[in-house]
Amino acid sequence: MIPFAPPRIDERTIQAVTEVLRSGWITTGPRTKEFEKRLAAYCEVKRVIALNSWTNASELVLRWFGIGPGDEVIVPAYTYCATANIVKHVGAKPVMVDVLDDFTMDPEAVRNAMNSRTKCIIPVDIGGMPARIEEIVKVAEDACAWFSPAVNLRVGGTNPQMRLGRVLVLSDAAHSFGARIGGKPVGSQADITGFSFHAVKNLTTAEGGALAFALPPPFNPDELYAWFNTMSLHGQSKDALAKTTPGAWRYDVEAPGWKCNMTDLQAAIGMVELERYDSETLPRRKAICERYNAAFANDPRFIQPLLKDNERESSYHLYMLRVNEATEDQRDAIITAIAAKQVSVNVHFIPLPMLGHYKGVGYRIKDYPNTYMHYSREISLPVYFDLTDAQVDTVIAAVLAAVKEVMA
Ligand SMILES: *Cc1c(COP(=O)(O)O)cnc(C)c1O
């Protein structure tokens, strides 16, 4: 069986983790701090904080911005549940919008969904292809006039909603670490960009995530970092490492924070991944996607994913193939036929309005026709470092045979 997305674990990874274990310091410490510095350099931003997942990191962003009951957050209907679940966690309402043909959020749909309750927009770089962040930031700026900040909000001595004076743009870049917009790496385009280092993602720390800060002045990246650092550790004025200094046991808690710090074990894996990301990971993923592209090009039965245009280049996280004119049932039958040929594929994603909870509270898939159309035709093919060209060819043969069987 060809697996779908195993992580790359080799002697270097094992060595790095072993060193941390032997060092005696396994939680947040010097390796996490070093990983953050290297991530910031990679993303070309001043500050990055590494935390335990995209989910908890991004939820902390919503809390920092003071989002809660009565507020609305705009998300695409086509995404992983985490994008909307964090909105529910803080008591706000996810407002879903439809997507374009490249699976990313439609900026015009965002414009139409904005109102005085809107506090945040979360575009998703699905499959690794960056969303149209610049246009979405423009939509947020154009809507300044009806932005109504919470007047009594106090976060770390200031009111972030008043300070920004518009809707916050938080990018869900769970798939797109290393993708590019206008030649620049993803991370500096949205106000805050959230990455995931979950086991199946392009760059992994087993579980993990990070936030890149690029809020406009007068926001200060060092102050933002300090707030997130403290609040990801119960609001404690000193972290575990600072408390190990002899005699430095006393600390304070100024606000009841959360608990979502990254460990040095995770950071050690991440640093090995990061070191070889541009030289090995991205080129291999790109080559695999290009091999798929060559096989499905000029074949009217398929729609290839957009991986690059004049502005944007994917991180080649997913190869989201679509079978032209397939119904949802036909797509499902194709996947069953592919599985029978010992190849694992996947579907990204079941649209939010089709999931039990969201359907149950009244979201309807018929309100998102593009989302449904793309989803019903979509099959994600395996893309990962250790996948060989011969295996890619096996996948291609399995897909071609399965489509022939089902669509005949
Ligand atoms: C994986 C993923 C997340 C969640 O990331 P975690 O690090 O597992 O919390 C969020 N959004 C999208 C689009 C994802 O694929």
Side-chain angles (χ1 to χ4, degrees), residues 4-7 32 35 39 48-63 73-90 94 96-97 99 102-105 120-131 133 136 169-179 186-187 190 192-212 228 232 258-263 265-267 269-270 273 285 305 314-320 346-355 358 371 374-375 378 380 382-384:
F4 182 70
T32 305
F35 184 41
L39 287 169
V48 166
I49 187 159
L51 298 170
N52 72 347
S53 66
W54 179 94
T55 303
N56 285 328
S58 302
E59 186 176 319
L60 201 51
V61 172
L62 301 186
R63 295 192 187 281
V73 175
I74 301 176
V75 302
Y78 203 133
T79 182
Y80 179 58
C81 61
T83 319
N85 285 355
I86 59 165
V87 179
K88 304 281 283 200
H89 295 169
V90 302
M96 298 177 192
V97 298
V99 297
D102 62 7
F103 299 99
T104 67
M105 190 181 227
C120 177
I121 307 168
I122 313 183
V124 180
D125 296 348
I126 197 155
M129 188 62 174
I133 300 286
I136 290 166
V169 180
L170 164 64
S171 168
D172 179 342
H175 295 176
S176 60
F177 185 81
V186 160
I192 301 180
T193 297
F195 297 109
S196 171
F197 305 138
H198 175 271
V200 302
K201 304 292 157 81
N202 266 25
L203 187 154
T204 189
T205 60
E207 292 280 357
L211 299 171
F228 280 85
S232 60
W258 292 269
K259 186 64 167 61
C260 51
N261 52 305
M262 176 173 277
T263 70
L265 282 169
Q266 293 165 297
I269 302 174
E273 292 266 288
R285 299 188 82 99
S314 176
S315 65
Y316 304 95
H317 177 55
L318 299 173
Y319 189 85
M320 299 170 77
N346 227 314
V347 173
H348 292 89
F349 288 99
I350 301 173
L352 299 177
M354 295 176 74
L355 300 172
Y358 290 102
T371 295
H374 299 323
Y375 150 76
E378 201 269 349
S380 299
V383 182
Y384 49 91

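We count ligands from 1, going down the list as the structure has it; atoms in each ligand are counted the same way. Because the structure is predicted, anything quoted here is derived from the model rather than measured.
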Handout entry: Candidate with minimal heavy-atom separation from atom 2 (C) of ligand 1, of His348, Lys201, His175
Key = Lys201
Handout entry: Shortest non-hydrogen contact from His348 toward Met320
Key = O-CE, 3.4 Å
Problem - Winner among Gly127, Ser196, Ala82, Ala199 once heavy atoms are compared against atom 7 (O) of ligand 1 - result: Ser196
Practice task
Answer with yes or no whether Gly208 contacts ligand 1, where contact means a heavy atom under 4.0 Å from a ligand atom.
Solution key: yes
Handout entry: Any donor-acceptor N or O pair under 3.5 Å, side chains Glu207, Thr205
Key = no
Problem - Pair Ser176, Asp125: side-chain N/O donor-acceptor within cut-off below 3.5 Å - result: yes
Problem - Considering all heavy atoms, the nearest Ile126-Thr79 contact - result: CD1-CA, 4.5 Å
Fill in the blank from the handout: Within 4.0 Å of some non-hydrogen atom of Ala174, the atoms of ligand 1 are 2 (C), 3 (C), 10 (C), 11 (N), 12 (C), 14 (C)
Practice task
Could you tell me whether Phe349 and His175 have their ring centroids closer than 6.0 angstrom?
Solution key: yes
Fill in the blank from the handout: In ligand 1, the atoms that come under 4.0 Å of a heavy atom of Ser53 are 7 (O), 9 (O)
Practice task
Enumerate the atoms of ligand 1 whose separation from the nearest heavy atom of Phe349 is less than 4.0 angstrom.
Solution key: 15 (O)
Problem - Donor-acceptor pair between Thr83 and Asp172 side chains, under 3.5 angstrom - result: yes
Handout entry: Polar contact flag for Thr55 and ligand 1 (N/O pairs, less than 3.5 Å)
Key = yes
Completion exercise
Restricting to heavy atoms, the pick from Glu59, His317, His198 nearest atom 8 (O) of ligand 1 would be His198
Exercise for the section: Determine whether the side chains of Tyr80 and Asn85 contain a donor N or O and an acceptor N or O closer than 3.5 Å. Expected result: no
Problem - Heavy-atom nearest neighbour in the protein, as seen from atom 13 (C) of ligand 1, with distance rounded to 0.1 Å - result: Asp172 OD2, 3.5 Å
